[in-house]
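Notes follow the structure.
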There are 2 protein chains.
Amino acid sequence: MTTLKDISQKTGYSITTISRALNGYSDIGTDTIKKVRDVALEMGYIANASARSLKTRKSWTIGVIFDEHSGIGLRHPLFANVLEEFKKAVEYEGYDVLFITRQKGKKPTTSFYNHAIEKSVDGVFVLCTDYQSSEYQELAKSNIPTVVLDHLSNNIYNIASDNRSSIADVINHLKDLGHTKIAHIFGDPLNFAGLKRREHFISSMLLQDLDVRSDFLVEGTTYTTEEGYAAMKVLLSIEDKPTAVFCAGDMLAIGAIRAIEDAGLKCPDDVSVVGFDGIDLGDYITPKLTTVKQKTKSMGRTSADYLINIIDGVIKNVAKTVYIDTELVIKESTKLLNTISVKYK
Amino acid sequence: MTTLKDISQKTGYSITTISRALNGYSDIGTDTIKKVRDVALEMGYIANASARSLKTRKSWTIGVIFDEHSGIGLRHPLFANVLEEFKKAVEYEGYDVLFITRQKGKKPTTSFYNHAIEKSVDGVFVLCTDYQSSEYQELAKSNIPTVVLDHLSNNIYNIASDNRSSIADVINHLKDLGHTKIAHIFGDPLNFAGLKRREHFISSMLLQDLDVRSDFLVEGTTYTTEEGYAAMKVLLSIEDKPTAVFCAGDMLAIGAIRAIEDAGLKCPDDVSVVGFDGIDLGDYITPKLTTVKQKTKSMGRTSADYLINIIDGVIKNVAKTVYIDTELVIKESTKLLNTISVKYK
DNA sequence: TAGTCCTACTTAAACGTTTAAGTTAAAAAC
DNA sequence: GTTTTTAACTTAAACGTTTAAGTAGGACTA
């Protein structure tokens, strides 16, 4: 491994001069700079990030917390998309991405905070974790620059999809199709997205003079197809059934469609279904899913921008939600009410 | 931030004693150890990984190269699964995962090798990249402990799915169903997996005394649904059509099924389709995809095991392929030949 | 001509660890 | 009672950078 010392010995300049020449300081002669850079290249010099980080207190590394308790982890299509774009954006600014975990080795556990400090990350991006946990709280209270996706905490920027207008669009769309009996399978209400989508469902319904029936609100906490299936079964068991269902997640919607089919009915002929997320999968199933598409690229990029601005001290860490707009994408799982088949009464 | 020096000043012991006490060396008195650890805890001491790495030449960080030129990146379901398990396995051994890229900041570009050396990673796991590139070659030739997925290079362990036995199973399965006219949509033959699957398709066919027709071999280089769709169109335009198609990837298979449907035919009634990968998506489409499931968990875990053994010097870096077994999963996209509908002649 | 200002460097300390090589005093050996 | 061993600690250097402060000499100023 070549170090500054090696270049210093070879060229006769001091280590300081080598360092300053390589970093392009103005108090070094132009021919010295050229000489030093040539020798550095020739000797295959590569700066040591640990030494630099130790001295400068800047690691050029960003920690990512991706702690999916459901165990699906990186495979989660939505988060993976956001992370992908976030990664590209911070890399473009010169940062590397490091995963921060609670687990470190076989030992009991560290906390996110400890792990972040130990590795001297310049900032942290929280994609998902258990927000009630003390480990998360500890991190949130610290002064490590942090941006979090879809969760509002003290002192931390929250990057979230703007559910409001697109959910209004969903209700408008369904009303336009003649639906009035609209149900909602909602996500975990302890969770920012789950809570907000539910709130906006209710307010959008009322705004359109549609009744919000309590038996038409069913929980699908963990956003899985299984929960969507079970929730839809509950809805189908109601005497006066809904003709349309808005689901807080695409996987819930896919489960719901399965339940509809397993009950001998058809989507969208008997029940229209709308999802939320816009994952690729929705395009491959039959019928193709009408859904609210979250702009994952924009979410990743915006998260990166805010985090870097906080790191650079351009903006302060505050509890503020930055909304990313969403888009209703109409596909095949929603249909005009009056075409409903006779067997569905 | 608390350092060893702070604890040293508070307790009166030397920095060395503090360090050795915290690291559990045997030449420190038991009550000293207790005292030091208590004070460390009380002062919120967290070891600085940069300083430690600088001195010990061990960063407890593993670099991951995930350089999907197709641009799909982290969203790729197969690689994401492998990475997820790899990550868990190395984290359990105390390592963190850092993404290694060619791009570093806005500047021209670094190489993977430079990036890995700069961040002093202890090893590198190559999930996917352009294996022909000089950047990859440079890394492969270096003596950085490296394990690569599905590609054979000099001096590097290759972790790959065992295509042989499962592809034989595929052919057996199709033959059992009465198929003899079997086509293959193959992946990039410059790529280890693409090449091997094609080879094993041919040898398995011959072993079963089935003819391998050259017009039944169509390329689907980049494994996308679009390529599968196009390749299937070519196959359907042949006078004496195949009754079954084995695709080198699930996305190819999904595209192929679409082409079949768009041609007014049905899968599996008119053409049976078999995929390769076992991605979740295959279970959500209609018909559910018969496919060869790659054991992504096992691949991730095995890659981690080998890499750590190389890092620890337990085994040497050599050009050797470690095969992970695969499994034929029969679902709905394959069917008995004699049930084929009349319109398909 | 003396003073000031540049330019192009160097010295030395520091960042927070680890570790080889001591040191000291008490205990054990003979 | 002297020597040897051991336990429990310390000193000082090192890892590879960056950086505040300094220096030497030439050029400009007045």
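As the structure is a computational prediction, the values presented were derived from the model and not from experiment. The chains referred to below are lettered A, B, ... by the order of the sequence lines, with proteins before strands, and numbering in each begins at 1.
- Residues satisfying the salt bridge (charged side-chain N to carboxylate O under 4.0 Å, His left out) test with B:D27, not counting sequence neighbours, are B:R20.
- For residues 131-152 of chain B, the pairs satisfying salt bridge (Lys or Arg N to Asp or Glu O under 4.0 Å) are B:R102-B:E135, with sequence neighbours left out.
- Under the rule for a side-chain contact (heavy atoms from CB on, under 4.5 Å), the partners of B:S19 that lie at least two apart in sequence or sit in another chain are B:L4, B:N23.
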Report each atom pair, protein N/O against N/O of nucleotides 7-15 of chain D, whose distance is under 3.5 angstrom.
from	atom 1	to	atom 2	distance (Å)
D:dC9	OP1	B:T32	OG1	3.2
D:dC9	OP2	B:G29	N	2.9
D:dC9	OP2	B:T32	OG1	2.6
D:dC9	N4	B:D27	OD2	3.2
D:dT10	OP1	B:S14	N	3.3
D:dT10	OP2	B:S14	N	2.8
D:dT10	OP2	B:S14	OG	2.8
D:dT10	OP2	B:T17	OG1	2.4
D:dT11	O4	B:T16	OG1	2.7
D:dA12	N6	B:T16	OG1	3.1
D:dA14	N3	B:K55	NZ	3.3
D:dC15	O3'	B:R57	NH2	2.8

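- Partners of B:D38 under the salt bridge (charged side-chain N to carboxylate O under 4.0 Å, His left out) rule, at least two apart in sequence or in another chain, are B:K34.
- Ring geometry for A:Y95 against A:W60 counts as tilted: the plane angle lies between 30° and 60°, on a 0 to 90° scale.
- Taken residue by residue, residues 34-41 of chain B places no heavy atom nearer than 4.0 Å to DNA chain C.
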Show the numbers, then the answer: is there a side chain to side chain donor-acceptor pair (under 3.5 Å) between A:K119 and B:S50? CA-CA 7 Å; A:K119 290 280 187 168; B:S50 297; over 6 Å; no
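- Taking five base pairs at each end of the helix from C:dT1-D:dA30 to C:dC30-D:dG1, the local helix axes there meet at an angle of 50°, rounded to 10°.
- Applying the side chain to side chain donor-acceptor pair (under 3.5 Å) test to A:S8 and every residue at least two apart in sequence or in another chain returns nothing.
- Not counting sequence neighbours, A:F112 has no partner by the ring pair (Phe, Tyr, Trp, His ring centres under 6.0 Å) test.
- Taking atom CG of residue A:L22 and atom C1' of nucleotide D:dG16, one finds them 13 Å apart after rounding to whole Å.
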Hey, can you pull the donor-acceptor pairs under 3.5 Å for the side chains in residues 310-317 of chain A, sequence neighbours left out?
none

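- At the phosphate of D:dT18, neither OP1 nor OP2 sits under 4.0 Å from any side-chain N or O atom of A:Y25.
- The side chain of A:S19 contributes no N or O atom lying less than 4.0 Å from OP1 or OP2 of D:dT17.
- One interatomic measurement links the two molecules: CG of B:N48 to P of D:dG16, which rounds to 16 Å at whole-angstrom precision.
- With sequence neighbours left out, the side chain to side chain donor-acceptor pair (under 3.5 Å) criterion links B:T302 to no other residue.
- For the side chain to side chain donor-acceptor pair (under 3.5 Å) test, no residue two or more places apart in sequence or in another chain qualifies with B:K5.
- For the pair B:W60 CH2 and C:dT17 P, the interatomic distance rounds to 17 Å; values are reported in whole Å.
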